[in-house]
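Each residue takes its place number in the sequence, starting with 1.
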Amino acid sequence: QDDMVESGGGLVQPGNSLRLSCTTSDAIFDRYAMGWFRQGTGKEREGISCISWSGGTTHYADSVKGRFTISRDNSKNTLYLQMNNLEPDDTAMYFCAAGGYSYCSPSWSLQSDYNYWGQGTQVTVSS
């Protein structure tokens, strides 16, 4: 079964941290690069990070660079997104995605690069 399941979202105050997780099947995790996207209310879905299958290459959107860190534990089939110094503008539904390539392509931030999606986990940053 190719389910992708995110967890770790919640309500946090500005400046605080959260770590999101995403688990999926061996068939997906052992083959593909993976990414994180987010979608705020009334906004388009935005690609914010990608990590290659090996974990050796990562990419970040300018909006999160220096604050967010993507990682993966291939022994646990788990993808992570460590989010530090959260801001109200980070409020969104966060989705993990996989598929297409084993590496982060030049179009890694586009939804069309990914075939598998989770249902999302809500992150709300508010005082």
Self-check item: Nearest atoms (heavy-atom pairs only) where Gly9 meets Val123
Solution: CA-CG2, 4.1 Å
Quiz prompt | Tyr94, Trp36, Phe37 screened by ring pair (Phe, Tyr, Trp, His ring centres under 6.0 Å) with Trp117, the one that passes | solution = Phe37
Self-check item: Main-chain N/O of Ile70 paired with Tyr60 side-chain donor or acceptor, under 3.5 Å
Solution: yes
Quiz item: Between Trp108 and Asp113, is there a donor-acceptor pair closer than 3.5 Å when you use the side chain of the first and the backbone of the second?
Solution: no
Exercise. Measure across Met4 and Cys96 and return the closest heavy-atom pair with its distance rounded to 0.1 Å.
Key: CE-SG, 3.7 Å
Practice problem: Could you pull out the closest heavy-atom pair between Ser71 and Leu79, with the gap in Å? | Solution: O-CD1, 3.3 Å
Quiz prompt | Derivation of the side-chain contact (heavy atoms from CB on, under 4.5 Å) call for Phe95 and Gln119 | solution = CA-CA 7 Å; Phe95 302 88; Gln119 294 301 306; 5.9 Å; no
Practice problem: Output yes when a side-chain donor or acceptor of Ser49 lies under 3.5 Å from a complementary backbone atom of His59, and no otherwise. | Solution: yes
Quiz prompt | Arg38/Asp90 ion pair, N-O < 4.0 Å | solution = yes
Practice problem: Under the side-chain contact (heavy atoms from CB on, under 4.5 Å) rule, what do Trp53 and Arg72 come out as? Steps first, then yes or no, please. | Solution: CA-CA 9 Å; Trp53 169 80; Arg72 62 191 294 163; 4.0 Å; yes
Quiz item: Around Gln122, counting heavy atoms of other residues, nucleotides and ligands shown, do more than 12 lie under 6.0 Å from its CD?
Solution: yes
Self-check item: Reported CZ-to-CG distance for the pair Arg67 and Asn85, which is rounded to 0.5 angstrom
Solution: 6.0 Å
Quiz prompt | Flag side-chain contact, heavy atom, 4.5 Å: Leu81 against Ile48 | solution = yes
Quiz item: At their closest point, which heavy atom of Cys50 faces which heavy atom of Tyr114, and how far apart are they?
Solution: SG-OH, 3.6 Å
Quiz item: Are the side chains of Lys43 and Thr41 in touch, meaning some heavy atoms are under 4.5 Å apart?
Solution: no
Practice problem: Fit a plane to each ring of Tyr103 and Tyr101, take the angle between them on a 0 to 90° scale, and name the class: parallel (under 30°), tilted (30 to 60°) or perpendicular (over 60°). | Solution: tilted
Quiz item: Between Ser105 and Ser107, does any side-chain donor sit less than 3.5 Å from a side-chain acceptor?
Solution: yes
Quiz item: Can you check whether Ser7's main-chain N or O pairs, donor with acceptor, with Thr121's side chain at less than 3.5 Å?
Solution: no
Quiz item: Taking C-beta and beyond as the side chain, do Pro14 and Pro88 meet within less than 4.5 Å on heavy atoms?
Solution: yes
Exercise. Determine the minimum heavy-atom distance between Gly47 and Ala61, stating which atoms define it.
Key: O-CB, 3.7 Å
Self-check item: 4.5 Å side-chain heavy-atom contact, Gln82 and Phe68
Solution: no
Quiz item: Do we see a donor-acceptor contact under 3.5 Å between the side chains of Asn77 and Thr23?
Solution: no
Quiz item: Can you check whether Asp73's main-chain N or O pairs, donor with acceptor, with Ser75's side chain at less than 3.5 Å?
Solution: no
Quiz prompt | Stepwise side-chain contact (heavy atoms from CB on, under 4.5 Å) check, Leu18 with Leu86 | solution = CA-CA 8 Å; Leu18 275 178; Leu86 283 160; 4.1 Å; yes
Practice problem: Given side-chain contact (heavy atoms from CB on, under 4.5 Å), test Val125 with Gln13 step by step and report yes or no. | Solution: CA-CA 5 Å; Val125 185; Gln13 293 186 337; over 6 Å; no
Quiz item: Quick one: are Tyr80 and Thr69 in side-chain contact, heavy atoms under 4.5 Å?
Solution: no
Quiz prompt | Pairwise side-chain contact, Thr24 with Met34, heavy-atom cut-off 4.5 Å (strictly under) | solution = yes
Exercise. Report the distance from atom CG of Asn16 to atom OG of Ser127, rounding to the nearest 0.5 Å.
Key: 11.0 Å
Practice problem: Could you tell me whether the side chain of Ser63 reaches within less than 4.5 Å of the side chain of Glu46, counting heavy atoms only? | Solution: yes
Self-check item: Ser52 side-chain N/O to Gly56 backbone N/O, donor-acceptor pair under 3.5 Å
Solution: yes
Quiz item: Sub-3.5 Å donor-acceptor pair from the side chain of Glu6 to the main-chain atoms of Cys22, do we have one?
Solution: no
